[in-house]
Amino acid sequence: MYYSYLNKNVIVLHYGHGFKNWYEAINPSLEIEFSNLEGFAYIVDERETIPELKLWLESNYESIFSAKLLDWCPEVILWPQNRSFQMFAEWFAISYISTVMEVHSN
């Protein structure tokens with residue numbers, strides 16, 4: 001087995017309290033254990049530093065935010081208004097991964 005370095009970064013998101021609170025407010029009869037849900041990862045072109053990767057997310061969070069809201073609620077009228085990056089960061093736990101390796105079998 002050998003590994004090769006990929007010129008990519010990964011941003012991993014997990015649902016946070018803000019997202020959970022919003023979803024429970026619009027669906028009070030449903031109970032979902034958000035802490036048991038898997039996270040989701042976005043593979044992006046490599047940035048030189050984690051601060052550059054954070055800047056990339058700040059520039060692109062709106063489409064990710066909208067996609068996650070749409071996954072849970074197709075009724076756009078129920079989505080929060082004035083979605084900022086600060087709100088995004090409160091609604092999702094964010095991890096930045098700068099080293100991505102691909103595993104190859106022999």
**Prompt:** Side chain of W22, backbone of W79: donor and acceptor closer than 3.5 Å?
**Reply:** no
**Prompt:** Is Y96 reachable from V10 through a run of hydrophobic residues whose side-chain heavy atoms are each under 4.5 Å from the next?
**Reply:** no
**Message:** Tell me whether I97 shares a hydrophobic cluster with M101, the cluster being built from Ile, Leu, Val, Met, Phe, Trp, Tyr side chains joined at under 4.5 Å.
**Reply:** no
**Item:** Within 6.0 angstrom of Y3 OH, more than 12 heavy atoms from elsewhere
**Value:** no
**Asked** For the hydrophobic clusters of this structure (ILVMFWY residues joined by side-chain heavy atoms under 4.5 Å, transitively), does one cluster hold both V100 and I50?
**Response** no
**Complete:** Distance col, row H14:NE2 vs I94:CD1, nearest 0.5 angstrom, shows 11.5 Å
**Prompt:** When clusters are formed by joining ILVMFWY residues with side-chain heavy atoms under 4.5 Å apart, either directly or through shared neighbours, do L37 and F65 land in the same one?
**Reply:** yes
**Asked** How long is the span from the CD atom in E33 to the NZ atom in K20, to the nearest 0.5 Å?
**Response** 7.0 Å
**Message:** I need the K68 NZ to L13 CG distance, nearest 0.5 Å.
**Reply:** 8.5 Å
**Message:** With rounding to the nearest 0.5 angstrom, report the CG to CD distance, N9 to E48.
**Reply:** 9.0 Å
**Prompt:** Just wondering, more than 12 heavy atoms not from I43 lying within 6.0 Å of its CD1?
**Reply:** no
**Prompt:** Looking at CG of L78 and OH of Y23, how far apart are the two atoms once the value is rounded to the nearest 0.5 Å?
**Reply:** 11.0 Å
**Message:** I'd like to check I64 versus L57 (side-chain heavy atoms, cut-off strictly below 4.5 Å). Are they in contact?
**Reply:** yes
**Asked** Is there side-chain contact between N60 and Y42, with at least one heavy-atom pair below 4.5 Å?
**Response** no
**Message:** Any non-hydrogen side-chain atom of W72 less than 4.5 Å from a side-chain atom of I26?
**Reply:** no
**Item:** Check: L69 and P80 side chains under 4.5 Å, non-hydrogen atoms
**Value:** yes
**Prompt:** Okay, side chain of Y61, backbone of A89: is any donor-acceptor separation there less than 3.5 Å?
**Reply:** no
**Request:** Evaluate the ring-ring contact (aromatic ring centres under 6.0 Å, His included) criterion for residues Y15 and F40: first the C-alpha distance (whole Å), next the side-chain angles of each, then the deciding distance (0.1 Å), finally the verdict.
**Result:** CA-CA 9 Å; Y15 296 104; F40 38 98; 5.3 Å; yes
**Prompt:** Atom NE2 in H17, atom CD in E90: separation rounded to 0.5 Å?
**Reply:** 12.0 Å
**Message:** Using the rule that Ile, Leu, Val, Met, Phe, Trp and Tyr join whenever any side-chain heavy atoms are under 4.5 Å apart, tell me whether L70 and L30 fall into a single cluster.
**Reply:** yes
**Asked** In terms of ring plane angle, is the pair F19 and F92 parallel, tilted or perpendicular, where the classes change at 30° and 60°?
**Response** tilted
**Asked** Given side chains that start at C-beta, do those of D45 and K8 come closer than 4.5 Å, heavy atoms only?
**Response** yes
